[in-house]
Amino acid sequence: MRRAFSGDWLALVEEGIARNMREPSDHASYADGDTRRFFQDSDNWRRIPEFEAFMRRSPASLVAAELMGSSKVNFLHDHVLVKEPGAEKRTPWHQDQPYSPVDGWNFCTMWLSVDPVPRDITLEFVAGSHRAGKWYRPQRFVDGSLRENDDPRWEVLPVIDPGDHRIIGWAVEPGDCVIFHGLALHGAAGNASASRRRRVLSTRWTGDDARFRRRSGKMSPPPPPTGAPEDGAIMDCEAFPVVWRAPPA
């Protein structure tokens, strides 16, 4: 979506990312290890007011509702990804939904960059992969290894050869937004620029048919120690708040 967010919302998100980097959570990490140029952190909206304001007051929830065809929207979590100049580590091919405690079709990710992103380092997708009916086991971004205890029924992601698939992606400007299904295979090249940053806020949203599902492996976001929905229940709870609901007919 071109020009989906105004300058005021972009400024708010940019400040939220800066605050997150100044005050990382205890589960923040660098996907490139000791190089420390590919920063990521997640699930910080409760302590970073800029993220909560974006989640509750920006047009994002309405956009998510319209694209999912949903009568309500729950906020799942935020995820900051920053590739500093020289961050050569690639974001590996993966799906978002297997990392999350969510079953159902109404699941989308909203990828918003506060920097211009040229086509060569933008987010890319295997076109149509969200409709393949496959769930792939999550992998660690640092080394691509499989995580322990994930659902053994899920498949191991095969090597994605761009020559065998239609790969799509777009150069974006600040204010543009890329929105995609939780089962879409996606990844991105490293940032080989000597001066250009790539700062992104990814937010994840669920709709009408989404149901809470406690996974056997690590979940992102982790469910709260108390107050999480029962398995198979709707997402509505303090941890996954309803942020938009269609007005009564």
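- Each of Val142 and Phe39 belongs to its own hydrophobic cluster when Ile, Leu, Val, Met, Phe, Trp and Tyr are linked at side-chain heavy-atom distances under 4.5 angstrom.
- Checked by atom type and distance alone, the side chain of Asp78 pairs as donor or acceptor with a backbone atom of Asp43 at under 3.5 Å.
- By the 4.5 Å heavy-atom criterion applied to side chains, Arg204 and Ser202 are counted as neighbours.
- Using a distance-only test at 3.5 Å, with no hydrogens or angles considered, no donor-acceptor pair links the side chain of Glu50 to the main chain of Ala18.
- The backbone N or O of Lys83 lies less than 3.5 Å from a partner atom in the side chain of Asn191, making a donor-acceptor pair.
- The pair Glu148-Arg140 counts as a salt bridge, with a side-chain nitrogen and a carboxylate oxygen less than 4.0 angstrom apart.
- The pair Arg213-Glu230 fails the salt-bridge criterion, with no side-chain N (NZ, NE, NH1 or NH2) lying under 4.0 Å from an Asp/Glu carboxylate O.
- Between Val13 and Phe5 there is no side-chain heavy-atom pair separated by less than 4.5 Å.
- Proximity of a side-chain donor or acceptor of Arg137 to a complementary backbone N or O of Leu157 within less than 3.5 Å is not detected.
- Ser216 and Asn149 are not linked by any side-chain donor-acceptor pair at a separation below 3.5 angstrom, with hydrogens and angles left out of the test.
- A 4.5 Å side-chain heavy-atom check between Arg2 and Trp170 finds at least one atom pair inside the cut-off.
- No donor-acceptor pair under 3.5 Å is formed between the side chain of Ser220 and the backbone N or O of Tyr99.
- A salt bridge is defined here as a Lys NZ or Arg NE, NH1 or NH2 lying under 4.0 Å from an Asp or Glu carboxylate O, and Asp115 with Arg198 fails to meet this definition.
- Looking only at distances, no side-chain donor or acceptor of Thr91 sits under 3.5 Å from a matching main-chain atom of Gly187.
- Each of Phe107 and Phe180 belongs to its own hydrophobic cluster when Ile, Leu, Val, Met, Phe, Trp and Tyr are linked at side-chain heavy-atom distances under 4.5 angstrom.
- For residues 226-246, there are no ring pair (Phe, Tyr, Trp, His ring centres under 6.0 Å) pairs, not counting sequence neighbours.
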Item checked: side-chain hydrogen bond (donor to acceptor under 3.5 Å, both in side chains) evaluation trace for Ser70 with Asn106 -> CA-CA 8 Å; Ser70 185; Asn106 294 150; 4.6 Å; no
Check: Checking side-chain hydrogen bond (donor to acceptor under 3.5 Å, both in side chains) for the pair Asp143/Ser145: CA distance, chi angles, key distance, verdict?
Finding: CA-CA 6 Å; Asp143 59 10; Ser145 62; 2.7 Å; yes
Next item on the list: Verify ring pair (Phe, Tyr, Trp, His ring centres under 6.0 Å) between Trp111 and His186, making sure each step is shown before the conclusion.
Entry: CA-CA 12 Å; Trp111 190 89; His186 59 287; 9.4 Å; no
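- The shortest distance between side-chain heavy atoms of Pro224 and Thr226 does not fall below 4.5 Å.
- For the pair Met235 and Arg211, the minimum side-chain heavy-atom distance is 4.5 Å or more.
- Checking side-chain atoms of Gln95 against main-chain N and O of Leu183 turns up a donor-acceptor pair under 3.5 Å.
- No continuous path of hydrophobic side-chain contacts links Val178 to Met110 [ILVMFWY only; heavy atoms under 4.5 Å].
- Arg3 and Asp176 are not joined by a salt bridge, as no carboxylate oxygen comes within less than 4.0 angstrom of a charged side-chain nitrogen.
- Judged by distance alone, with hydrogens and angles left aside, the side-chain atoms of Asp41 form no donor-acceptor pair with the main-chain N or O of Val80 at under 3.5 Å.
- Each of Arg37, Arg197, Arg196 was checked for a salt bridge (Lys or Arg N to Asp or Glu O under 4.0 Å) with Glu84, and the lone residue meeting it is Arg197.
- Ion pairing between a basic and an acidic side chain is recognised when a charged N comes within 4.0 Å of a carboxylate O; Lys89 and Asp32 show no such pairing.
- A salt bridge is defined here as a Lys NZ or Arg NE, NH1 or NH2 lying under 4.0 Å from an Asp or Glu carboxylate O, and Asp150 with Lys218 fails to meet this definition.
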Next item on the list: Decide yes or no on side-chain hydrogen bond (donor to acceptor under 3.5 Å, both in side chains) for Gln40 and His79, but give the supporting numbers first.
Entry: CA-CA 7 Å; Gln40 60 176 347; His79 187 183; 3.2 Å; yes
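- A donor-acceptor pair is defined here as one N or O able to donate and one able to accept, closer than 3.5 Å; such a pair exists between the side chain of Asn44 and the backbone of Ser42.
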